[in-house]
Amino acid sequence: MSTSPAAADLIARSNRLGADPRNTNYAGGNTSAKGVVNDPVTGQPVELMWVKGSGGDLGTLQESGLAVLRMDRMRALVDVYPGIDREDEMVAAFDYCLHGKGGAAPSIDTAMHGLVDAAHVDHLHPDSGIAIATAVDGEALTASIFGEKVVWVPWRRPGFQLGLDIAAIKRAHPAAIGCILGGHGITAWGDTSDESEANSLWIIETAAAYIAEHGTAQPFGAARPGFGALDADARRAKAAALAATIRGIASHDRPMVGHFTDAPEVLEFLESSGAPRLAELGTSCPDHFLRTKVKPMLLDLPADAPVEASIARLKQLHEAYRADYTAYYDAHATLESPAMRGADPLIVLVPGVGMFSYGANKQTARVAGEFYINAINVMRGAESLSSYAPISDAEKFNIEYWALEEAKLQRMPKLKVHQGRIALVTGAASGIGKAIATRLAAEGACVVIADLDLEKAQAAAAALGGPDVAIGVAANVADEAAVQAAVDAALLAFGGIDLVVNNAGLSLSKSLLETTAADWDLQHDVMAKGSFLVSKAAARALIEQNMGGDIIYISSKNSVFAGPNNIAYSATKADQAHQVRLLAVELGAYGVRVNGINPDGVVRGSGIFASGWGANRAATYGVDEKDLGQFYANRTILKREVLPEHIANAVIALTGPELSLTTGLHIPVDSGVAAAFLR
């Protein structure tokens, strides 16, 4: 079935509105269009409504993200509406209004669109509009700013009754083009798609212009001495030093991925004298606090406070935050309320440094931070004209623990094996490392691809899905400062670290007499020393997070097998193999498991084999280099060639839940080399 003109116009309008963060936040708001098509069954005209479905994003909306409902059935719901006390039943009733198969599930805001007598309706969450909606005298401001064109609607939880309220307001105010929804956002309408969009933008721009013209110069109050932004390098250094602690705080109840930003809006807010008061008031728009929790955790120390003092205070504040959130839950929960979902903060604010935000994955964490910046902008606007007055905690709780919100959470797809884990893989721009990084990302992990070649590392990360999935960093693992920089990059990009794969390596095939001291030092620097440096730097973060973790060494069959012309490589691999045992004993007390994998003959895709090692090995064994992989396979028990993907499979097995009690183990992935059996 081809897209109707009304639906096509709706999608185009939605994409334009959603592309500008001044209009609405990610996945926030909804839009609709009504139109007449021929019913494919009866051939008779039928009036339909296309409306953005539950959970969709306006900026990326496609036809599959629309719910399509019959307007005759939608309007008939007014006659069976049982009242505000049974509001939730109406969402289930929307299913009986659907037209055709497929499409998105109708959202709670469907009634707002269906009951308002307008062909096109937009409901948005612009910062400027919410600033008016959350001002203590928002109703008076609405009248002053917009006159009869925009009408104030007192706060009401989204649902069928709100749709009835807005429909009644439109009937009673024929000159109105929209309304300000107290504590929430805006709604606008029009006879055409262009008119509805123009009306939405007029409300947003008029509110922004009024705030700019009439707002005070310091809406957050005077700057606090000592709370100003550190310089850029100092901010990021302190953020990296605090990241593991803060991620552990945010992950006390369940593992979280993090995002850090030192955006100017955040730093300005944190420097202000009003920040403590406003942060405590929390957010107001439901889309905001569902992503950010009702309020953030704010460090109450100046910007130059020592890291150790900041860590100690953050841990004290976490205990207080958990107690406060538990009290909030207990004060408002009923016997029918869902269980408390966790008492940890999702937004942690550090003056002079920036904001840490958290979610089940990187995108969710990043968006939570974007939403809190929206909240800062809202507070700025409200405070510059009046006083910021968000909806009450009781109303916030009714949204946060709404049965419909709980049902939405229960519909979320099952988590992947490594969902929410953060992995650092060295030597990951090619070969075995790239295969491991690819598999970890496919299983839900965020991945830091560390490699000598920054350009290749970044290209490999981009191929995995970009910065919400993977980043590429340059790292010479033999350089302690470079290793720490790579670990810091992981902490700043994703909030922490859970899984380290020591894969970086190289090899020179020489006899004892041909091996120089430089050959020996190079291989030991990269593999033995490099693994030690990476494990040491990562262990600091793993221990501070207090979330356990995994360290994997990609060792070799040669760590136990004495092959010809291989003294330096095999010796350093034996060093790596014993590091596994030593670190397993030392780090087990912190829940960190350390295991190794012993591959053999991984020729295809291997950077080591392509760099000359393959030619040397082929010459040693008297075969053509192109036949080396099959040569290795033929000498094994299983007679099968080992590929990079097989090593990646072993990493997933060792770091997954099935082997959660295994540490200090080496797994051979060599197709069966009897001489390398572990005894």
Side-chain angles (χ1 to χ4, degrees), residues 6 9-25 28-35 49-52 58 71 74-75 109-135 137-156 158 161-214 285 378 381 385:
D9 287 346
L10 170 63
I11 293 169
R13 172 174 105 240
S14 301
N15 294 165
R16 287 192 299 270
L17 289 170
D20 189 338
R22 291 173 298 182
N23 298 334
T24 200
N25 39 257
N30 29 71
T31 51
S32 67
K34 303 179 184 75
M49 178 177 70
W50 296 264
V51 60
K52 192 205 84 169
L58 289 176
M71 282 306 301
M74 182 75 205
R75 294 185 180 107
D109 286 319
T110 299
M112 181 192 304
H113 295 270
L115 301 181
V116 170
D117 185 19
H120 299 267
V121 178
D122 299 328
H123 167 58
L124 303 170
H125 300 146
D127 295 347
S128 62
I130 306 175
I132 307 304
T134 56
D137 53 351
E139 183 173 5
L141 281 170
T142 298
S144 297
I145 297 169
F146 305 107
E148 296 183 355
K149 292 184 70 174
V150 179
V151 183
W152 173 263
V153 179
W155 161 260
R156 186 185 291 281
Q161 186 59 55
L162 180 59
L164 290 171
D165 292 348
I166 297 174
I169 282 172
K170 184 179 183 303
R171 288 192 298 271
H173 298 82
I177 63 168
C179 51
I180 297 289
L181 308 182
H184 185 167
I186 74 167
T187 296
W189 47 77
D191 293 332
T192 67
S193 184
D194 288 345
E195 184 180 35
S196 184
E197 182 176 2
N199 288 342
S200 294
L201 294 176
W202 184 84
I203 295 173
I204 294 167
E205 292 163 1
T206 300
Y210 187 90
I211 293 169
E213 181 180 353
H214 298 278
C285 176
V378 165
L385 296 178

Side-chain touch Phe146/Thr206, heavy atoms, less than 4.5 angstrom = yes
Please step through side-chain contact (heavy atoms from CB on, under 4.5 Å) for the pair Thr24 and His123, ending with a clear verdict.
-> CA-CA 9 Å; Thr24 200; His123 167 58; over 6 Å; no
Taking salt bridge (charged side-chain N to carboxylate O under 4.0 Å, His left out) as the test, write out the residues that go with Asp20, two or more places apart.
-> Arg22
For His184, which of Ile186, Thr187, Leu181 qualifies under side chain to side chain contact (heavy atoms under 4.5 Å, CB included)?
-> Leu181
Check step by step if side-chain contact (heavy atoms from CB on, under 4.5 Å) holds for Ile180 and Val153.
-> CA-CA 6 Å; Ile180 297 289; Val153 179; over 6 Å; no
With sequence neighbours left out, which residue pairs that include part of residues 142-154 fulfil the side chain to side chain donor-acceptor pair (under 3.5 Å) condition?
-> none
Do Trp155 and Thr134 have side chains that get closer than 4.5 Å, going by heavy atoms?
-> no
Is a side-chain donor-acceptor pair under 3.5 Å present for Asp122 with Ser200?
-> yes
Heavy-atom side-chain contact between Leu58 and Thr31 under 4.5 Å = yes
For residues Thr110 and Asn30, determine if any side-chain heavy atom of one lies less than 4.5 Å from a side-chain heavy atom of the other.
-> no
How about Trp50 and Ser14: do any of their side-chain heavy atoms sit closer than 4.5 Å?
-> no
Steps toward side-chain contact (heavy atoms from CB on, under 4.5 Å) verdict (His120, His113) = CA-CA 8 Å; His120 299 267; His113 295 270; over 6 Å; no
N/O donor-acceptor pairs under 3.5 Å from side chains in residues 164-171, not counting sequence neighbours:
{"unit_1": "Asp165", "atom_1": "OD1", "unit_2": "Gln161", "atom_2": "NE2", "d": "3.0"}
{"unit_1": "Asp165", "atom_1": "OD2", "unit_2": "Arg156", "atom_2": "NE", "d": "2.5"}
{"unit_1": "Asp165", "atom_1": "OD2", "unit_2": "Arg156", "atom_2": "NH2", "d": "3.4"}
{"unit_1": "Lys170", "atom_1": "NZ", "unit_2": "Asp117", "atom_2": "O", "d": "3.1"}

For Asn23 and Gly18, indicate whether the former's side chain and the latter's backbone hold a donor-acceptor pair under 3.5 Å.
-> no
